[in-house]
**Student:** 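Mind having a look at this structure? Questions to follow.
Please read these numbers as outputs of a predicted model, since none were measured by experiment.
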Amino acid sequence: MTMKTHLRTGLTAVAAAAGLLLTGAPAASATTSVSHDFFLWGADGVSYFDGVATFSNRSANVSGTFHAVGCKRFYASAHAGSTQLDIRSTSTHCNATTSENIPLKADVVGGANRIRVALTDQNGQNGTGGDIYR
């Protein structure tokens with residue numbers, strides 16, 4: 001196990017209660033690209049998505065490592081206020097660890113101000129998730 005894995009394992013109880021763990025600080029200016037590291041545990045407590053959410057002027061992106069125990073799917077959606085601009089998901093992954101890159105359209109002035117992420121079972125049910133703000 002790597003040091004990062006040990007750290008993530010130690011945070012299991014806290015992250016399971018919150019579902020989503022954000023780390024790092026945003027960039028200084030809203031006009032440039034802003035990135036946030038995040039870690040999302042699945043409802044099963046063993047599946048996870050360890051990633052980076054990036055906000056740009058008219059787009060957003062989520063990338064990272066998806067670890068699925070059993071069959072799971074990861075979702076990401078871009079929002080401007082209460083308006084959903086785009087939603088995408090991975091294919092269903094069963095007992096696998098993969099690298100994922102999910103580009104999101106946010107073609108409005110200023111782009112998205114929030115990305116919603118969720119980790120669910122293969123049917124889109126029994127999920128955990130949270131919002132990552134610009």
Side-chain angles (χ1 to χ4, degrees):
M1 266 192 208
T2 67
M3 179 60 87
K4 190 172 187 179
T5 303
H6 286 292
L7 175 63
R8 299 296 189 210
T9 303
L11 294 172
T12 300
V14 174
L20 178 68
L21 179 66
L22 294 173
T23 60
S29 171
T31 60
T32 61
S33 181
V34 177
S35 295
H36 298 285
D37 295 331
F38 71 94
F39 190 88
L40 177 63
W41 284 108
D44 61 6
V46 290
S47 298
Y48 64 82
F49 195 96
D50 185 5
V52 176
T54 303
F55 297 85
S56 297
N57 185 33
R58 291 188 176 263
S59 65
N61 193 77
V62 175
S63 60
T65 301
F66 180 22
H67 177 72
V69 176
C71 293
K72 304 289 185 286
R73 184 179 289 253
F74 177 79
Y75 291 84
S77 58
H79 300 260
S82 61
T83 302
Q84 180 176 295
L85 304 171
D86 194 14
I87 184 169
R88 309 243 175 149
S89 73
T90 64
S91 58
T92 299
H93 294 288
C94 299
N95 300 315
T97 301
T98 60
S99 292
E100 300 294 334
N101 185 55
I102 303 170
L104 297 165
K105 294 178 187 173
D107 196 14
V108 297
V109 175
N113 68 336
R114 172 173 59 102
I115 297 173
R116 174 162 284 181
V117 293
L119 189 65
T120 70
D121 66 16
Q122 69 272 21
N123 300 312
Q125 304 296 313
N126 304 314
T128 59
D131 292 322
I132 304 164
Y133 289 89
R134 188 178 192 123

**Student:** Looking at Gly70, is its backbone amide N or carbonyl O close enough to the side chain of Asn95 to form a donor-acceptor pair, meaning the two atoms are under 3.5 Å apart?
**Tutor:** yes
**Student:** Restricting to salt bridge (charged side-chain N to carboxylate O under 4.0 Å, His left out), what partner residues turn up for Asp121, sequence neighbours left out?
**Tutor:** none
**Student:** Just checking, is any N or O donor in the side chain of Ser47 or His67 under 3.5 Å from an acceptor N or O on the other one?
**Tutor:** no
**Student:** Quick check: is Leu85 connected to Val62 through a chain of hydrophobic side chains (ILVMFWY, heavy atoms under 4.5 Å apart)?
**Tutor:** no
**Student:** Do the side chains of Asn61 and Ile102 get nearer than 4.5 Å, heavy atoms only?
**Tutor:** no
**Student:** Where do Leu40 and Gly129 come nearest, in terms of heavy atoms and distance?
**Tutor:** CD1-CA, 3.9 Å
**Student:** Shortest non-hydrogen contact from Asn113 to Ala80?
**Tutor:** OD1-CA, 3.4 Å
**Student:** Looking at Arg134, is its backbone amide N or carbonyl O close enough to the side chain of His36 to form a donor-acceptor pair, meaning the two atoms are under 3.5 Å apart?
**Tutor:** yes
**Student:** As an exercise, state the distance from CG of Asp37 to CG of Asp50, rounded to the nearest 0.5 Å.
**Tutor:** 8.0 Å
**Student:** Which value, rounded to the nearest 0.5 Å, describes the distance between Arg58 atom CZ and Lys105 atom NZ?
**Tutor:** 13.5 Å
**Student:** When the ring centroid of Tyr48 is compared with that of Phe39, is the distance short of 6.0 Å?
**Tutor:** yes
**Student:** Please name the pair of heavy atoms, one in Ala112 and one in Phe55, separated by the smallest distance, quoted to 0.1 Å.
**Tutor:** O-CD2, 3.4 Å
**Student:** Return the CZ to OG distance between Arg114 and Ser77, rounded to the nearest 0.5 Å.
**Tutor:** 7.0 Å
**Student:** List the steps and the verdict of side-chain contact (heavy atoms from CB on, under 4.5 Å) for Ile115 and Asp131.
**Tutor:** CA-CA 6 Å; Ile115 297 173; Asp131 292 322; over 6 Å; no
**Student:** Quick check: closest heavy atoms across Cys71 and Thr92, and the distance to 0.1 Å?
**Tutor:** CB-CG2, 3.9 Å
**Student:** Indicate, with yes or no, if Leu104 and Phe38 share a hydrophobic cluster defined by side-chain heavy-atom contacts under 4.5 Å among Ile, Leu, Val, Met, Phe, Trp and Tyr.
**Tutor:** yes
**Student:** Scan side-chain atoms only and decide if Thr54 and Ser33 contain a donor-acceptor pair under the 3.5 Å cut-off.
**Tutor:** no
**Student:** Can you name the salt bridge (charged side-chain N to carboxylate O under 4.0 Å, His left out) partners of Asp44, sequence neighbours left out?
**Tutor:** Lys72
**Student:** Ignoring hydrogens and angles, state whether a donor on the side chain of Arg73 or Thr90 is under 3.5 Å from an acceptor on the partner side chain.
**Tutor:** no
**Student:** Out of curiosity, Asn101 CG to Ser99 OG, how far, rounded to the nearest 0.5 Å?
**Tutor:** 9.5 Å
**Student:** Donor-acceptor check, side chain of Thr120 to backbone of Asn126, threshold 3.5 angstrom: yes or no?
**Tutor:** no
**Student:** Atom OG1 of Thr98 and atom CZ of Phe74: how far apart are they, to the nearest 0.5 Å?
**Tutor:** 10.5 Å
**Student:** If hydrophobic clusters are built by linking Ile, Leu, Val, Met, Phe, Trp and Tyr wherever their side-chain heavy atoms come under 4.5 Å apart, do Leu119 and Leu20 end up in the same one?
**Tutor:** yes
